[in-house]
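What follows is one structure encoded as structure tokens, with my remarks underneath.
Start at 1 and go down the list; that is how both ligands and their atoms are numbered. This one's a predicted model, so the numbers in the text were calculated from it and none came from an experiment.
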Amino acid sequence: MDTKYIFFTGGVVSSVGKGVTAAAIGRLLKERGFAVAVQKLDPYINVDPGTMSPYQHGEVYVLDDGSETDLDLGHYERFIDVSLNRVCNVTTGQVYAEVISKERRGDYLGGTIQVIPHITNEIKRRIGLVAKTTGAEIVLVEIGGTVGDIESLPFLEALRQMRSDLGRDRTLNIHVTWLPYIGATDELKTKPTQHSVRELRSIGISPDVIIARSDHPVEDDLREKMALFCDVERRAVIPLVTASVLYEVPLMLERFGLAEFLLERLKLEPRRSPDWRDWERLVAEVQRPKPKVSVALVGKYVELHDAYFSVREAIEHAALALGLEVEINWVHSSELEKDRGWEVVRNADGILVPGGFGSRGIEGKIKAIHYARENKVPYLGLCLGMQLMVVEFARHLLGSDEPNSTEFDRSTSHPVIDLMPDQRSIADMGGTMRLGLYPCQLQPGSRAAQAYGVPQVQERHRHRFELNNAYRDLLGKGGMVFSGISPDGRLVEIAELADHPFMVATQFHPEFLSRPNRPHPLFLGFLDAVRHRSCQAIEAVVAEEVLH
Ligand code: GLN
């Protein structure tokens, strides 16, 4: 079958959930038996988001092959349950780097290199690689940003050309817009959508579908109006009201018959009928009242919850599977250093320290870990959260504040966490960490092995530093169990404490492999311990009341 393409552009404002919409539409198609992949085209000049601050960009999502990508790739993988690869996230930086290196090699034989056709050809080549490398029959391509941005013009031009190259049966344009609400008159406005469609038309792209995002219900007459003014079929104007549960989005789009419309336009017959039972169960489970537990998430970028998107999702997946409602309480680690915010940590049934870089707030995280260890509060550490658990334990064993990671103290006399040997000679920051999927052998009988229930696993990594093997003996004798080791025995991948209900931490990022219907075993193990602690706390309160 010739590959079919669905292009997603955004209008009016950014952050309207274009990524989730594309992911949900991917699911609609997968449910009908098609192999689907999604690609994100990001108009910024960085080669990848790996070097960007989470404040700029949100989380950096890591794929199996070690590419550092936009967090939308996380939506795609979670909604569609596919494993994507590095061609699925293209940036302007990558496109120009490729074209310029070809020019330096002399590949263009004396030609003048221009945005059209050289840059647009490179964009089209990269779009073509998705089907070749993933086997997808339908490729969804999302353009970052909003129509009208200078940066995205070459991408839009490439899409315009692809429609004339491939024809209308193989390409489809979906424009995702926003309907602002005017409180004074209690109405939703379609004018920005009309303008945005006009802008899109002026660069030669006509939308086949408009997805109108809104915080308020959209009446039929508004759909009618948008269809008329934007020259789109009425059934192809789909209102999408902000969902309280992310996983409801595919179900909402399904109700509007969007999949039938897309397949009809792409001249495809569904191969099977969709089965939404799992998704309906998931949404019902979110809405059902459940026992509440709380987890303190001690991080550095806590003002921006997007910086920990996959961690939040992984907690949610595991919570739903266990029939719990988890309240995540965000704690700024540098506040803990100033003796603020401790009540949140003290009231939590579990503590989680996620990944991170740089020295700000490190001591606050170590204090929170100290608290978790001493008070036997369930703890899950992810990447930096493992490294700091090791630092805290070494400080405890040696009775000194000296142990540290050389990331934060280059001259520490106890470098319990140190640069990996193959990292020492690296000068470039971009794309040079230990990245992507690596195998990990589990120690039988450990908490990690119990949680996974298999002898070996593969997990996604993104780090430069690691546990210094010179300290394995000391830590091991003190009660730390190295429950996950690389098969060659060189790298500690999981550490846990024997004398603690659940104090487990990983050098890798388990959150990237959690899926709505396949929660991650370590998050399940953690929340199970959290639930246990919360029940004990309730029993203690009840016992206290009975006594008095
Ligand atoms: N900064 C640490 C390292 O580079 C941890 C990285 C992370 O948490 N992703 O090893």
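- The shortest N/O to N/O separation between His509 and ligand 1 falls below 3.5 Å.
- For atom 10 (O) of ligand 1, the nearest protein heavy atom (residue, atom name, distance) is Phe465 N, 2.8 Å.
- The existence of a salt bridge linking Asp81 and Lys30 is excluded, since no basic side-chain nitrogen approaches an acidic carboxylate oxygen closer than 4.0 Å.
- Taking the six-membered ring for Trp and thresholds of 30 and 60 degrees, Phe508 and His461 have ring planes more than 60 degrees apart, a perpendicular arrangement.
- Closest to atom 7 (C) of ligand 1, if we only count protein heavy atoms, is Cys383 SG, 3.0 Å.
- Contacts between Glu407 and ligand 1 below 4.0 angstrom, taking non-hydrogen atoms only, involve the side chain exclusively.
- Residue Leu384 places at least one N or O, backbone or side chain, under 3.5 Å from an N or O of ligand 1.
- No heavy atom of Met433 sits closer than 4.0 Å to any atom of ligand 1.
- Ring pair Tyr452/His520 is perpendicular by interplanar angle, where above 60° counts as perpendicular and below 30° as parallel.
- If you look at Gln387 next to ligand 1, the close heavy atoms, those under 4.0 Å, all belong to the side chain.
- Residue-ligand proximity, Gly355 to ligand 1, at heavy-atom distances under 4.0 Å covers atoms 8 (O).
- Heavy atoms of His463 found under 4.0 angstrom from ligand 1 belong to the backbone as well as the side chain.
- Counting protein heavy atoms only, atom 9 (N) of ligand 1 is closest to Arg462 O, 2.9 Å.
- At the shortest separation from atom 3 (C) of ligand 1 among protein heavy atoms lies Arg464 N, 3.5 Å.
- A salt bridge links Arg27 with Glu31: at least one charged nitrogen is closer than 4.0 Å to a carboxylate oxygen.
- Side chains of Thr69 and Lys40 form no contact here, defined as non-hydrogen atoms less than 4.5 Å apart.
- Between Arg424 and Asp418 there is a salt bridge, since at least one side-chain N of the basic residue sits less than 4.0 Å from a carboxylate O of the acidic one.
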* To do: Might you work through the salt bridge (Lys or Arg N to Asp or Glu O under 4.0 Å) test for Glu77 and Arg515, ending with a clear yes or no?
  => CA-CA 8 Å; Glu77 286 204 341; Arg515 300 288 174 262; 2.9 Å; yes
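- Scanning Pro354, Ser359, Gly356 for the heavy atom closest to atom 8 (O) of ligand 1 points to Gly356.
- Ring geometry, Tyr247 versus His317: the interplanar angle falls from 30° to 60°, so the pair is classed tilted.
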